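No experiment lies behind these values; they were computed from the predicted model shown.
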Amino acid sequence: MKLHQLQALVGVVEHGSIRATAREMHLTQAALTKSLRTLEEDVGVSLLIRKSRGVVLTEAGQRLHARAKLVTRQITLAHEDLKQTQGDDTGTLRVGITPYLMLTVLGDAFMWFRRRYPKVQLRLVEGLVARVLPSLRDGSLDFAIVADSGEVIHTEFDATRLLKEPQKIVVRQGHPILLQGTAARLAELEWVLPGPFANDLDDGLNAMFKQAGVKAPGLITRCDAMAAMALVRQSDAVSVMPAPLLAQPECRGLVEISLHKLRPPPIELVLLAPPDVPLTPAAAYFARCLTDAIMAQHISRQV
């Protein structure tokens, strides 16, 4: 297997067709097709099924693509690392950031980063844990900062624990439960939570209800963070979010409901990166900008 063959495979999957990939890689369609055919001959199995509307991967193709994607990204990062070390401040940086940080410290970190690296292209994705971990494994992300409530296996990645933040139970302003709130009544409501499309609460919230002596909610809606805020603001649903978010404009109309028996577990902000592979100078600097912004905001809240 040769690098240009793996690049061709990754390109075809990314762009969906041989024509689009050839155009992006500045090759003729014949040259690209030959690279893919030679790759299949080298590995001895069919990798692609060619259809009228593009190509799809065989099972073997899917397995090879996962590794090819990681290899080609690491080669790109190696080139960028060497160039950035020598003062060429270009490249592409792909980062997953928990929605909580996107709404609080990302702006400051972005401005600091741009002063040092004005030409590096940034690709930022909402860093919910279930979305981030597979992308770190296959090389789609260079690093991520997640809000971990117990899902991350820290031995799998280079993990830097940053700090813990309290969480609050929130409802809309004027919610009837604010007049007579109990753990049992809260458990009867629908809960809207960011995170993977699971049917149940995570372990921490289940433990919270168990400790309060009430049955956990049976109706759970999972969605992205912004959708959760909108749904809670516009309905009688309940959610849980990091306490600092309540001071943000996006949370206008949401209020904390505080019950002695129901105390959500804190979340822990953790910086995750692939093990045994150094970050490029630009990635390391952006990670530092984010970390500094997180710590600065945390300190300001203590004053």
Side-chain angles (χ1 to χ4, degrees), residues 97-109 124-131 145-151 163-202 204-209 211-212 214 216-269 293-294 296-298 300-303:
I97 302 177
T98 181
Y100 156 50
L101 296 183
M102 285 187 167
L103 295 175
T104 53
V105 305
L106 179 59
D108 286 340
L124 305 176
V125 300
E126 189 173 275
L128 296 175
V129 172
R131 186 177 300 162
I145 299 182
V146 299
D148 180 27
S149 57
E151 302 135 286
L163 56 82
K164 288 187 176 181
E165 292 283 17
Q167 294 197 98
K168 301 295 184 180
I169 299 173
V170 298
V171 296
R172 65 173 173 84
Q173 288 179 346
H175 195 297
I177 202 160
L178 292 169
L179 299 176
Q180 191 177 4
T182 65
R185 290 193 66 199
L186 271 174
E188 293 172 354
L189 298 174
E190 180 171 2
W191 285 60
V192 177
L193 301 169
F197 296 150
N199 294 324
D200 301 322
L201 295 177
D202 59 39
L205 292 178
N206 269 319
M208 176 184 73
F209 281 101
Q211 187 174 4
V214 298
L219 187 56
I220 310 295
T221 292
R222 293 283 187 174
C223 55
D224 287 339
M226 295 302 293
M229 292 179 189
L231 288 174
V232 174
R233 188 181 296 111
Q234 299 168 23
S235 72
D236 285 341
V238 188
S239 190
V240 175
M241 63 180 57
L245 268 185
L246 289 173
Q248 301 304 310
E250 291 81 2
C251 289
R252 188 177 295 112
L254 303 183
V255 295
E256 172 191 358
I257 178 167
S258 180
L259 297 177
H260 178 69
K261 288 187 176 181
L262 285 185
R263 295 186 180 277
I267 56 167
E268 183 174 30
L269 295 176
I294 291 167
Q297 184 191 77
H298 179 71
S300 70
R301 292 198 303 270
Q302 309 306 310
V303 176

Exercise for the section: Identify the heavy atoms of A212 and A183 that sit nearest to each other, and give their distance. Expected result: CB-CB, 4.3 Å
Fill in the blank from the handout: P176 meets the side-chain contact (heavy atoms from CB on, under 4.5 Å) criterion, sequence neighbours left out, with R172, D236
Practice task
Step by step, work out the side chain to side chain contact (heavy atoms under 4.5 Å, CB included) result for V170 and L245.
Solution key: CA-CA 11 Å; V170 298; L245 268 185; over 6 Å; no
Handout entry: From D108 atom CG to L101 atom CG, the distance as rounded to the nearest 0.5 Å
Key = 12.0 Å
Practice task
Side-chain contact test, heavy atoms from C-beta onward, threshold under 4.5 Å: evaluate it for L269 versus L163 and give yes or no.
Solution key: yes
Practice task
Take I294 and I145 through the test side chain to side chain contact (heavy atoms under 4.5 Å, CB included) and record every step on the way to the result.
Solution key: CA-CA 11 Å; I294 291 167; I145 299 182; 4.2 Å; yes
Handout entry: Residue Q211 excluded, over 12 heavy atoms near CD under 6.0 Å
Key = no
Practice task
Work out which heavy atom in V171 is nearest to a heavy atom in A237; give both atom names and the distance.
Solution key: CG1-O, 4.1 Å
Exercise for the section: Would you please name every residue forming a side chain to side chain donor-acceptor pair (under 3.5 Å) with N206, sequence neighbours left out? Expected result: none
Practice task
Give the minimum heavy-atom separation between P264 and L205, together with the two atoms involved.
Solution key: CB-CD2, 4.4 Å
Enumerate, atom names and distances included, each donor-acceptor pair closer than 3.5 Å involving a side-chain atom of residues 225-233, sequence neighbours excluded.
residue	atom	partner	partner atom	Å
R233	NE	R252	O	2.8
R233	NH2	E250	O	2.2

Completion exercise
salt bridge (Lys or Arg N to Asp or Glu O under 4.0 Å) pairs touching residues 256-267, sequence neighbours excluded, are K168-E256
Problem - Where T98 and A147 come nearest, the two heavy atoms and their spacing - result: OG1-CB, 3.7 Å
Handout entry: With T221 via side chain to side chain donor-acceptor pair (under 3.5 Å) - residues at least two apart
Key = E190
Exercise for the section: Output all residues satisfying salt bridge (Lys or Arg N to Asp or Glu O under 4.0 Å) with E188, sequence neighbours left out; order by chain, then residue number. Expected result: none
Handout entry: R185 side-chain N/O to Q180 backbone N/O, donor-acceptor pair under 3.5 Å
Key = yes
Handout entry: Pairwise side-chain contact, V238 with I177, heavy-atom cut-off 4.5 Å (strictly under)
Key = no
Exercise for the section: Locate the shortest heavy-atom distance separating I267 from Y100; write the atom from each residue and the value. Expected result: CD1-CD2, 4.5 Å
Fill in the blank from the handout: Tightest non-hydrogen contact, residues M241 and C251, listed as SD-SG, 3.7 Å
Exercise for the section: Walk me through it: do D224 and E126 pass the test side chain to side chain contact (heavy atoms under 4.5 Å, CB included)? Expected result: CA-CA 8 Å; D224 287 339; E126 189 173 275; 3.3 Å; yes
Exercise for the section: Using modelled atom types only, decide if a donor and an acceptor are shared between the side chain of Q167 and the backbone of P265 within a distance under 3.5 Å. Expected result: yes
Practice task
For residues L259 and I169, determine if any side-chain heavy atom of one lies less than 4.5 Å from a side-chain heavy atom of the other.
Solution key: no
